[in-house]
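The structure appears right after this line, and notes come after that.
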Amino acid sequence: MTFDVLIAGAGPAGLSAAIALKKADSSLSVCLIEKSAEIGGHIVSGALIDPKAIKELLPEYSFEDLGLTTPVSEEKLFFLTEKQKIAIPFVPFLLPSKNNHGNYALSLSEFCKKLAEIAEELGVEIYPGFAGAKLAFENQKLVGIITGDMGRDRHDAPKSDFMPGMLLRAKQTILAEGARGSLTTHAKRHFNLCRDSDPETYGLGIKEVWEIPAENHRPGFIQHSFGWPLDGKTYGGGFLYHFGKNLVSYGFVIALDYKNPWLSPFEEMQRLKTHPAFSEHFKGGRRIAYGARALTEGGWQSLPKLSFPGGILVGDCAGFLNVPRLKGIHTAMKSGMLGAEAILEALKNNADQATTFEEKFKNSWLAKELYQARNIRPAFAKLGTFLASPYVFLDETLFRGQLPWTLHHREEDSDSFHNADEMPEIIYPRPDNKLTFDRPSSVYLANISHDDNQPNHLLIGSTQTWEERNWDQFKGPETRFCPAGVYGAEPNPDKPGYHILQISPQNCLHCKTCVIKDVRQELEWIPPEGGSGPNYGNGM
Ligand SMILES: Cc1cc2nc3c(=O)[nH]c(=O)nc-3n(C[C@H](O)[C@H](O)[C@H](O)COP(=O)(O)OP(=O)(O)OC[C@H]3O[C@@H](n4cnc5c(N)ncnc54)[C@H](O)[C@@H]3O)c2cc1C
Ligand code: SF4
């Protein structure tokens, strides 16, 4: 099958690109594939949306029609110690990155469904349940994507319902896979797209949705926290948004350059809920959804080349998220829209590469926003929370991001662990199953569907290097950082003193943390059969 434009990924970036393309030229054939069984099924976000890009893309729709029904009405920012909360006096002018006035709290999964409806009405062909497995090249040009085979058994042999993957050809391909996309990683290597950029750094976001009694619900109330339970050298914090019908979105984001291999992001997220600043919001409520996803934190200085022969990168797979604002939706949308403009020009001129994307980006509000925010995340990495805070005041408040230097990211997240025997072991409290929970009961709420009888999509590489590096040096950090408990380490019965890695791929939430944080960078994450993985709903 051949299209003018093929898009991989139905997040805000891919869907905005699709809509922008068809709005500009309804005669184009635009195809979009999505690996989740339904649109929105793999989407995890806060989400507070800055409606800037929506106003540009869909001016003919009211916010209400698009599901933006909970405007932010009250906001709080806390620095937490184990027992205390210190409210940071909030003056929007002084802390512009924390100002959410004019933003809306929503479920991004639902919003993507709405965008997909609009795209389909415009004539975009959308195929959920199809994972892009491989890139197809001809003469050093990307010519399309090969979708994954369906119906192979765990030994890779075809089953009775076997359907081989298809080559979807396109004049231009848009990769919109979100953070650490598998096709994107391949394209970045193939075209050396990161040759002039800093290493990409990431965070892991873990989220729950709660339904609470109507009398406790405060629509539009939002809160962010930093400090406890993280130490001063680890970047991250919590968020809590009241939205929709009696729903509360609670989440925790931790930068994946954390140093202590004993740390478990999942357990940190659970114990943050017990702090009085958060626990009061869950009273009388019940948890109805759980999910996790990596997000990009490199920002301006980690952006790769945006175009290459035959395609472009948009959204989180390029790294357009504004980290201090924890906002990547409007930036993903805008990057999709700018990418669409560049592709239209390339198609019109019969050019192989949408080279004008870079320039369009540099001249947009998106570039201005990311440039202004560029020093905040690296300042925290270099200085830690306490020293970075006055620096942020200087950089963000006084100089509005215009200081004449750019701080750099020096290290890949996979290099940040210190040896396990040099770091304090962390003993986490047991869950009470009312406010705090374990991983299996959490994963249950992600509605995963994954046929066990299919090839393993998590290729861990050499077991010897796993033993020597991951186990001996770091005591199996994947058993703690995977938010789904996919990895376990058991004593090796044949080799006393050694351990073997156990994998339960059927629990995978597709968050991508293991590929980012694997200390050997040998682990490969291959998209499993299309339609596998979580089926997020319930306000995710
Ligand atoms: C916990 C958390 C909280 C956040 N809070 C906020 C917030 O409050 N406000 C905000 O603005 N931003 C927030 N963000 C960031 C925001 O969600 C992302 O920046 C944004 O979703 C990026 O959009 P995207 O389209 O690039 O990627 P994604 O939203 O990740 O979408 C990518 C899509 O591509 C699909 N896909 C991936 N690979 C393939 C493949 N090979 N084949 C087919 N399909 C594929 C995925 O299944 C997915 O549906 C948050 C993120 C997290 C994790
Ligand atoms: S196996 Fe990897 S991608 Fe899957 S949930 Fe665990 S860390 Fe995330």
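Read the numbers this way: they start at 1 and go in the same order the structure lists the ligands and their atoms. From a predicted model like this one, the values you see are computed outputs, not experimental measurements.
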Identify, with sequence neighbours excluded, every residue that meets side chain to side chain contact (heavy atoms under 4.5 Å, CB included) alongside A289.
V209, N538, M540

Could you check whether the rings of F282 and Y250 sit parallel, tilted or perpendicular, using 30° and 60° as the cut-offs?
perpendicular

Quick one: does ligand 1 sit under 4.0 Å from the side chain of R293, the backbone, both or neither, non-hydrogen atoms only?
both

Checking side-chain hydrogen bond (donor to acceptor under 3.5 Å, both in side chains) for the pair S442/R287: CA distance, chi angles, key distance, verdict?
CA-CA 9 Å; S442 303; R287 192 173 67 138; 3.0 Å; yes

Identify the heavy atoms of L338 and K360 that sit nearest to each other, and give their distance.
O-CD, 3.9 Å

Tell me if the aromatic rings of F278 and F78 count as close, with their centers under 6.0 Å from one another.
no

What about the rings of F320 and F361, do their centers lie closer together than 6.0 Å?
yes

Is a donor from one side chain sitting under 3.5 angstrom from an acceptor on the other, for K98 and H224?
no

Which protein atoms of type N, O or S are found under 2.8 Å from atom 4 (Fe) of ligand 2?
C508 SG

Where on L321 is there a heavy atom closer than 4.0 Å to ligand 1, on the side chain, on the backbone, on both, or on neither?
side chain

Polar contact flag for E34 and ligand 1 (N/O pairs, less than 3.5 Å):
yes

Any N/O of P527 closer than 3.5 Å to an N/O of ligand 1?
no

For Y241 and F221, I'd like to know if the aromatic rings sit close, meaning centre-to-centre distance below 6.0 Å.
no

Check each of H186, R325, E177 against atom 41 (N) of ligand 1 and report the one with the nearest heavy atom.
E177

Would you say the side-chain atoms of E34 and S36 include a donor-acceptor pair closer than 3.5 Å?
yes

Side chain to side chain contact (heavy atoms under 4.5 Å, CB included) with T69: which residues, sequence neighbours excluded?
E64

Atom 23 (O) of ligand 1: which of G203, P12, G181, G315 has the nearest heavy atom?
P12

Does an N or O anywhere in G205 fall below 3.5 Å from an N or O of ligand 1?
no

For ligand 1, the portion of A292 having any non-hydrogen atom under 4.0 Å away:
neither

Donor-acceptor check, side chain of R439 to backbone of C482, threshold 3.5 angstrom: yes or no?
yes

Shortest protein heavy-atom distance from atom 42 (N) of ligand 1, along with the residue and atom involved
G132 N, 2.9 Å

For ligand 1, indicate whether the residue I43 contacts it via side chain, backbone, both or neither (heavy-atom separation under 4.0 Å).
side chain

Is L48 in polar range of ligand 1, meaning some N or O pair under 3.5 Å apart?
yes

Distance-only, no hydrogens or angles: does the D518 side chain make a donor-acceptor pair with backbone N or O of Q521 under 3.5 Å?
yes

Give the ring-plane orientation class for F137 versus H190, where under 30° counts as parallel, over 60° as perpendicular and anything between as tilted.
parallel

Might you work through the side-chain hydrogen bond (donor to acceptor under 3.5 Å, both in side chains) test for K517 and S416, ending with a clear yes or no?
CA-CA 9 Å; K517 206 62 185 144; S416 70; 2.6 Å; yes

Taking a cutoff of less than 4.0 Å between a non-hydrogen atom of the residue and any ligand atom, is G251 in contact with ligand 1?
no

Output field: ring centroids W466/H499 closer than 6.0 Å
no

Quick one: does R180's side chain get under 4.5 Å of R293's, heavy atoms only?
no

Ranked by distance from atom 43 (C) of ligand 1, the top protein heavy atom is K35 N, 3.3 Å

Distance-only N or O hit between ligand 1 and A13, under 3.5 Å:
yes

If you count the atoms of ligand 1 from 1 in the order shown, which ones are under 4.0 Å from a heavy atom of H42?
47 (O)

Nearest-neighbour protein heavy atom for atom 21 (O) of ligand 1, which is reported as residue plus atom name and distance
L108 CD2, 3.4 Å

Backbone or side chain, does any N or O of D316 fall under 3.5 Å from an N or O of ligand 1?
yes

For atom 5 (N) of ligand 1, which candidate among A8, G46, P128 holds the nearest heavy atom?
G46

Any N or O of S45 closer than 3.5 Å to N or O of ligand 1:
yes

Would A47 count as a contact of ligand 1 if the rule is a heavy atom under 4.0 Å away?
yes

Can you tell me if F481 contacts ligand 2 (heavy atom of the residue under 4.0 Å from the ligand)?
no

Does S182, backbone or side chain, put an N or O under 3.5 Å from an N or O of ligand 1?
no

Any N or O on A131 sitting closer than 3.5 Å to an N or O of ligand 1?
no

Would you say the side chain of T70 lies within less than 4.5 Å of the side chain of L106, judging by non-hydrogen atoms?
no

Quick check on contacts: which atoms of ligand 1 are under 4.0 angstrom from a heavy atom of F130?
43 (C)

Any donor-acceptor N or O pair under 3.5 Å, side chains K207, S45:
no

Answer yes or no: does an N/O atom from L326 fall short of 3.5 Å to an N/O atom of ligand 1?
yes

Contact atoms of ligand 1, heavy-atom distance to I33 under 4.0 Å
43 (C), 44 (N)

Ligand 1 contact on F320 by region, counting heavy-atom pairs under 4.0 Å
neither

Quiz item: cation-pi between R377 and F380, 6.0 Å / 45°:
no

Does even one non-hydrogen atom of F252 get within less than 4.0 Å of ligand 1?
no

Contacts satisfying salt bridge (Lys or Arg N to Asp or Glu O under 4.0 Å) that involve residues 522-540 (not counting sequence neighbours) are R520-E522

Starting from atom 12 (N) of ligand 1, which protein heavy atom do you reach first, and at what distance in Å?
G328 N, 2.9 Å

